[in-house]
Number of protein chains: 2
Amino acid sequence: MKNILFEFISKYVSLTEDEKNAIVSLDIFRSVKKGTTLLKEGQKSKDSYFVLKGCIRTYYVLDSEEKTTAFYTEMEALTPLCVISKTPSEYYISCIEDTILTVSNSDMGVEINSKFPKFETLCRILSEELLAKQQIDFDEFKTSSPEQRYLNLLQKRPDLVQRVPQHQLASFLGIKPQSLSRLRARILEKSKE
Amino acid sequence: MKNILFEFISKYVSLTEDEKNAIVSLDIFRSVKKGTTLLKEGQKSKDSYFVLKGCIRTYYVLDSEEKTTAFYTEMEALTPLCVISKTPSEYYISCIEDTILTVSNSDMGVEINSKFPKFETLCRILSEELLAKQQIDFDEFKTSSPEQRYLNLLQKRPDLVQRVPQHQLASFLGIKPQSLSRLRARILEKSKE
DNA sequence: TAAAATCGTTCACTTAAGTTAAGAAATGAA
DNA sequence: TTCATTTCTTAACTTAAGTGAACGATTTTA
């Protein structure tokens, strides 16, 4: 389980044994049951997450309706908006599968950064990469229809379509569950011709 | 014109006269005519922009159709995706008004960072702020209808609705120009009742 | 300045998403 | 295991966006 994390980090910076031990001693690994809510609307938090195994999702509740905005699976990091903006969260974060993740407090970040400047580099690279990825996702979302978005998702994250409840997937695609059902039937019909 | 830039920077870090002079000596100020294209699809570039006066937009050309994804006006910074990813650009950037901006090369960034570590801090803060802003924009886009998006834009950036051509605004909202016209007529009709 | 191109709006028609409702299937809890 | 709840799908109907075309207004440019 630790190895998954170190394997991920090694893609960006190389760590010494000392540094690895320092991370392990922080005791950041958590095992969380399906359905657990990690963050609620209105709460303040300084915790960032990194998913080692499983799946978590972020969602707003607007007009007592859930609006799913993102899913995070293996090897994906999530720093909630409220951690950056230092304001109460406007959305929820919860586990849709039994999940193993690391929880790192932003205070902890400061401490470890002073000991190992390498982590600052790691964080900068990750944040730049995330910004780029998010911009691409946004552009793709804007420039395509719900059907195109679904087909795109099938290409890029086929696992999500399997492991995530349909109504959450629909919301993520910006449509209602009924529309997703219909849309899928339509695609199936087309492929038969 | 320099003052606009320094006023902006002073919100995040305070600069000495030496540091200000260092920036001025970089000769980064540019005056650009309406219609000028700053970056084309397929081009490589290391240039980031900061708008002092005027308006620039980013857009893709898909199926020979322009898809506008963003507008940048006074006091807004834009680092193109291709600068981060170091790949040819997939979109265009052009001026929709006569514009005064700063152009800063990412190599220049390295040079100035080594002389004035303060700039690294400035960049980190700006990039974090941008990430948060972009996430909020994305979430709002996903969770609302074209009509809600338009009304939201009227609230948040009323200047855009005035200064930007309608067909570019429509594309930015994720719809066709005809739909924007209709949607506006619909809103006007409702407000009469 | 005149001709050409672009732009914004309106209209009629088509297509797809929202809504409401109902029933089957899967899931969870007692 | 059974009962209750949630989830997924289908259907009929409503609403809104896409499409193609037309027309006047504005802007460009030759």
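Keep in mind it's a predicted model, so treat the numbers as computed, not measured. Below, read A as the first sequence line, B as the second, and so on, with proteins coming before strands; counting in each chain starts at 1.
Salt bridge present: A/Glu140 and A/Lys156 bring a charged side-chain N and a carboxylate O closer than 4.0 Å. Salt-bridge check for A/Glu74 with A/Arg163: passed, with a basic side-chain N closer than 4.0 Å to an acidic carboxylate O. With respect to B/Glu66 and B/Arg57, a salt bridge is recorded, a charged nitrogen being found less than 4.0 Å from a carboxylate O.
Where the helix from C/dT1-D/dA30 to C/dA30-D/dT1 starts and where it ends, the local axes point in directions that differ by 60°; five pairs per end, rounded to 10°.
Between the side chains of B/Ser48 and B/Ser104, no donor N or O sits under 3.5 Å from an acceptor N or O. Side-chain contact annotation: B/Glu129 with B/Tyr12, donor-acceptor N/O pair under 3.5 Å present.
Remark: B/Lys11 is not positioned above the aromatic ring of B/Phe8, lacking an NZ or CZ atom under 6.0 angstrom from the ring centre and at most 45 degrees off the axis.
The CG atom of A/Leu183 sits 15 Å away from the P atom of D/dC8 (whole-angstrom rounding). The CD1 atom of B/Ile175 sits 12 Å away from the P atom of D/dT19 (whole-angstrom rounding). For the pair A/Arg184 CZ and D/dA11 C1', the computed distance is 18 Å after rounding to whole Å. The CD-P distance, from A/Gln168 to D/dT6, rounds to 14 Å in whole Å. The distance between atom NZ of B/Lys176 and atom P of D/dG20, rounded to the nearest whole Å, is 10 Å. If you take NZ of B/Lys67 and C1' of D/dG18, they are 11 Å apart, rounded to a whole angstrom.
Cluster annotation: A/Leu15 and A/Phe50 are assigned to the same hydrophobic cluster (Ile/Leu/Val/Met/Phe/Trp/Tyr, side-chain heavy-atom contacts under 4.5 Å, transitive).
The side chain of A/His167 contributes an N or O atom lying less than 4.0 Å from OP1 or OP2 of D/dC8.
Remark: the backbone N or O of B/Lys40 is paired with a side-chain donor or acceptor of B/Gln43 at under 3.5 angstrom.
You can see that DNA chain C meets the heavy atoms of chain A within a 4.0 Å-exclusive cut from C/dA16 to C/dG28, reading 5' to 3'.
Atom CD of A/Glu90 has 12 or fewer neighbouring heavy atoms from other residues, nucleotides or ligands inside a 6.0 Å radius.
Heavy atoms of A/Arg182 sit under 4.0 angstrom from at least one base atom.
Where B/Gln178 and B/Arg186 meet DNA chain D, the nucleotide closest to each residue was compared, and B/Arg186 sits on the side nearer the 5' end.
Each of D/dT19, D/dC8, D/dA17 was ranked by its minimum atom distance to the side chain of A/Pro165; first place goes to D/dC8.
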